[in-house]
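Residue numbers run from 1 in the order of the sequence given.
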Amino acid sequence: METIALIAHNNKKTDLLNWVKENHQALRKYDLVGTTNTSALINDLLDMNIKPFGHGPSGGDILLAAKILQGEIHKVIFFIDAETPHGHEHDIQTLIRTAVLNNIPIALNRASANFMILEKASQ
């Protein structure tokens, strides 16, 4: 089963939560992992089984990049807040670069996330 990582900056967590709520049936076809806060929020409110792997600003983005390199992650959905500077911007760019270089689809907003799960939803 493919694994999707779910991540959202603080100002985008509600957007991701709503997106997961709308797409929970399609997402049940995947193993799901997420940063600590994002996975806890979704698991608490939607009773999903998203496995946490670390807090983004405390190295979670780098842990996810490592999981991509180890072949453990097949898709990334990262609702980013492009309007707010982040102290761990370098880690975020490392994650995005790692996904791109390893041909891992990465969705950075709702529209691209919809396309990403569309193929499995139609199967």
Worksheet item: So which of Thr35, Leu41, Ile42 actually passes side-chain contact (heavy atoms from CB on, under 4.5 Å) with Ile50?
Response: Ile42
Response to the item:
For Ser39 and Pro52, the nearest pair of non-hydrogen atoms, with its separation, is OG-CB, 3.3 Å
Discussion item. Side-chain heavy atoms nearer than 4.5 Å, only ILVMFWY residues, links allowed to pass through others: does that put Leu69 and Ile106 together?
Written reply: no
Fill in: Contact list for residues 99-110, test side-chain hydrogen bond (donor to acceptor under 3.5 Å, both in side chains), sequence neighbours left out
Glu22-Arg110, Asn109-Ser112
Item to complete: Kindly indicate whether the side chain of Ile62, heavy atoms from C-beta on, has any atom under 4.5 Å from the side chain of Thr94.
Response: yes
Worksheet item: If you look at every heavy atom in Tyr30 and Ile117, which pair is closest and at what distance?
Response: OH-CA, 4.2 Å
Worksheet item: Taking the side chain as C-beta and beyond, is there a heavy-atom pair between Ile77 and Val20 under 4.5 Å?
Response: no
Worksheet item: Any side-chain heavy atom of Met48 sitting closer than 4.5 Å to one from Leu32?
Response: yes
Discussion item. The criterion is side chain to side chain contact (heavy atoms under 4.5 Å, CB included); which residues satisfy it with Lys67, sequence neighbours excluded?
Written reply: Phe53, Glu72, Ile73
Worksheet entry | Note, Phe79 side chain near Thr38 side chain (heavy atom, < 4.5 Å) | no
Discussion item. Is the shortest side-chain heavy-atom distance between Leu95 and Ile7 below 4.5 Å?
Written reply: yes
Response to the item:
Asp31 meets the salt bridge (Lys or Arg N to Asp or Glu O under 4.0 Å) criterion, sequence neighbours left out, with none
Discussion item. Between Thr98 and Leu64, does the side-chain contact (heavy atoms from CB on, under 4.5 Å) criterion hold? Intermediate values first, please.
Written reply: CA-CA 9 Å; Thr98 302; Leu64 180 56; over 6 Å; no
Worksheet item: Between the main-chain N or O of Thr3 and the side-chain N or O of His74, is there a donor-acceptor pair closer than 3.5 Å?
Response: yes
Response to the item:
In short, Leu16 meets Ala8 closest at the heavy-atom pair CD2-CB, 3.7 Å
Worksheet item: Which distance, rounded to the nearest 0.5 Å, do you find between the CD1 of Ile92 and the CG of Asp81?
Response: 9.5 Å
Discussion item. Rounded at 0.5 Å granularity, tell me how far CD1 in Ile96 sits from CG in Asp61.
Written reply: 9.0 Å
Response to the item:
residues 44-54 vs salt bridge (Lys or Arg N to Asp or Glu O under 4.0 Å), sequence neighbours excluded, gives none
Fill in: By salt bridge (Lys or Arg N to Asp or Glu O under 4.0 Å) - contacts of Lys12 (at least two apart)
Asp15
